[in-house]
Amino acid sequence: MTYEIPELEGEERAVATGEAVGEWPLWEVFVRAKRGLNHVHVGSVHAADAETAIQNARDTYTRRSEGVSVWVVPSALIHASDDSAAMFEPFEDKPYRHPTFYEIPDEVGQL
Amino acid sequence: MSLPMAHNHRFCAPAANPPPETNERSFVKLRRIHTRGYLNLDHQFDDAAGEAVFDATIAAGEKVEPRDWMPEGYRQTLIRQIAQHAHSEVIGMQPEGNWISRAPTLQRKAILIAKVQDEAGHGLYLYSAAETLGISRDELVNMLHNGKQKYSSIFNYPTLSWADMGAIGWLVDSAAIVNQIALQRASYGPYSRAMVRICKEESFHARQGYSIMLALSRGTEVQREMMQDSINRWWWPSLMMFGPPDAESVHTAQSMAWGIKQYTNDELRQEFINQTVPQAQYLGATLPDPELRFDEVTQDWLIGQIDWEEFWAVVKGNGPLNRERIAHKVRAWEDNAWVREAATAYAAKQAARRVEVSA
Ligand SMILES: [Fe+2]
Ligand SMILES: [Fe+2]
């Protein structure tokens, strides 16, 4: 709960290696909150197979009817973009893609 | 927001980590590569451009996300804090689990089961967030089991009466709420999102606890005594939950600079005290602090001296139940080994069958 436990002398720290340790794969969980909405990423679970991953996802992420549908995807199969500013920057300088770029006289009405 | 340009102009550069084979259906293969495909630890640790982006992100009050460059110290601090937070949720099930079979009514029992189940969920949200930093859950659980990582000291105190279910929900969960509301603004995206999810569930915890206390406060003399005894035992440990005083809190400045922490231990503790004292008064209970007084100038409730010797003794492993809590956790893990083995064997068998069919 208060989770800042003071560090004691000689405490060993966990080092991130990105390596998997342990038995079960990790699955990313996507939940559809209600009909008509997209599935949205909410977190991950561990499970031996897709079937139990779905059950674990239901128990972990929908205890209060937060979802009507769940997808699980092996985390290792996600492909990600390079999230540097350079990746998405080229879209920043094209204001003419937006309707507010154009000045239209009031007399024209709804447009 | 305009950030300094990261790296060279890598428009449409391929992801730095090679994509795993997508058509691999074998369970064994998945097992080996169960790291997240969206992590990028390859170019993490020696990139000045990455650091500039990181600093600008923090300065702008924006969130750092798993794939971003981050200082090694930031990553390690978060792994430690999120893991210990997760362990606290998990170990936190034990003191309350102790009373599930002895709840006074069926409804209280159902509520307590739901509450304890939520705490398991909180642990899982947090392990999931920790894993986005490139550490695996099994590794963290091992570190809990072998004592290399700790959990909140509050759970090393025993639950001696039913009133303790009230005191924990009301005091311990409320203290957790004060702390976690602040952490919703933490700079690391997955941690912050886990806090938002947890906070949505916590007010149920605090309210069910206070409702237990209310019922006892309106009960018989014996019930009121039970309530008072419980408050006497939980008040000071609840205040200790916020950690050492600011003057002794060595990592606070760095954590605040990194946006992991928004308020100091003493600020959060004061917030908790101010909201809790009137609630105790409403119960007709006494808080076990003869020096407790209201300061008209600051409008704060001021407390007497916290027994920091007790605090450090419990942190160092010498609380009433440190050994029992871990022993119980390890026993549960070992007793359940056959379930994990069976699930693994079943999954492998199903995967092999699917490969046969598709061949
Ligand atoms: Fe919790
Ligand atoms: Fe809680």
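In what follows, chains are A, B, ... by sequence order, proteins preceding strands, each numbered from 1.
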What residues form a salt bridge (charged side-chain N to carboxylate O under 4.0 Å, His left out) with B/K150, not counting sequence neighbours?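 If we apply the salt bridge (charged side-chain N to carboxylate O under 4.0 Å, His left out) test to B/K150, skipping adjacent residues, there are no hits.
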Salt bridge (charged side-chain N to carboxylate O under 4.0 Å, His left out) partners of B/R193, counting only residues at least two apart: B/E65
So what's closer than 4.5 Å to chain A heavy atoms on [X]: side chain, backbone, both or neither?
| X | answer |
| --- | --- |
| B/F272 | neither |
| B/K261 | side chain |
| B/S238 | neither |

Which atom pair, heavy atoms only, marks the closest approach of [X] to [Y]?
| X | Y | result |
| --- | --- | --- |
| A/A16 | B/L133 | CB-O, 3.1 Å |
| B/S128 | A/S44 | OG-OG, 2.8 Å |
| A/A48 | B/A347 | O-CB, 3.4 Å |

About how many Å separate CD of B/E131 and CG of A/L26, when rounded to the nearest 0.5 Å?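 Answer for the CG-CD pair, A/L26 versus B/E131, is 5.0 Å.
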B/S88 OG to A/I5 CD1 distance, which is reported to the nearest 0.5 Å: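 Reported value, rounded in 0.5 Å steps: 4.5 Å.
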Heavy-atom pairs under 4.5 Å with chain A: which of [options] has the most?
| options | value |
| --- | --- |
| B/Q117, B/R137, B/H87 | B/R137 |
| B/M143, B/E201, B/Q149 | B/E201 |
| B/K316, B/E139, B/R340 | B/R340 |

Any side-chain heavy atom of B/D118 within less than 4.5 Å of one from A/R64?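 Heavy-atom side-chain distance check passes, below 4.5 Å.
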Beyond-backbone contact of A/V45 with B/L124, side-chain heavy atoms, under 4.5 angstrom: no
Answer yes or no: does atom CD of B/Q254 have more than 12 heavy-atom neighbours from other residues, nucleotides or ligands under 6.0 Å?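 Counting other residues, nucleotides and ligands, CD of B/Q254 exceeds 12 neighbours.
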Does anything in residues 5-16 of chain A pair up under salt bridge (charged side-chain N to carboxylate O under 4.0 Å, His left out), and if so which pairs, sequence neighbours excluded?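 Of all non-adjacent pairs touching residues 5-16 of chain A, those that pass salt bridge (charged side-chain N to carboxylate O under 4.0 Å, His left out) are A/E7-A/R13, A/E11-B/R80, A/E12-B/K148.
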Sub-4.5 Å heavy-atom contacts with chain B: which residues of residues 52-63 of chain A show up? A/T60, A/Y61, A/R63
Does any backbone or side-chain atom of A/V29 lie under 4.5 Å from a heavy atom of chain B? Answer side chain, backbone, both or neither. neither
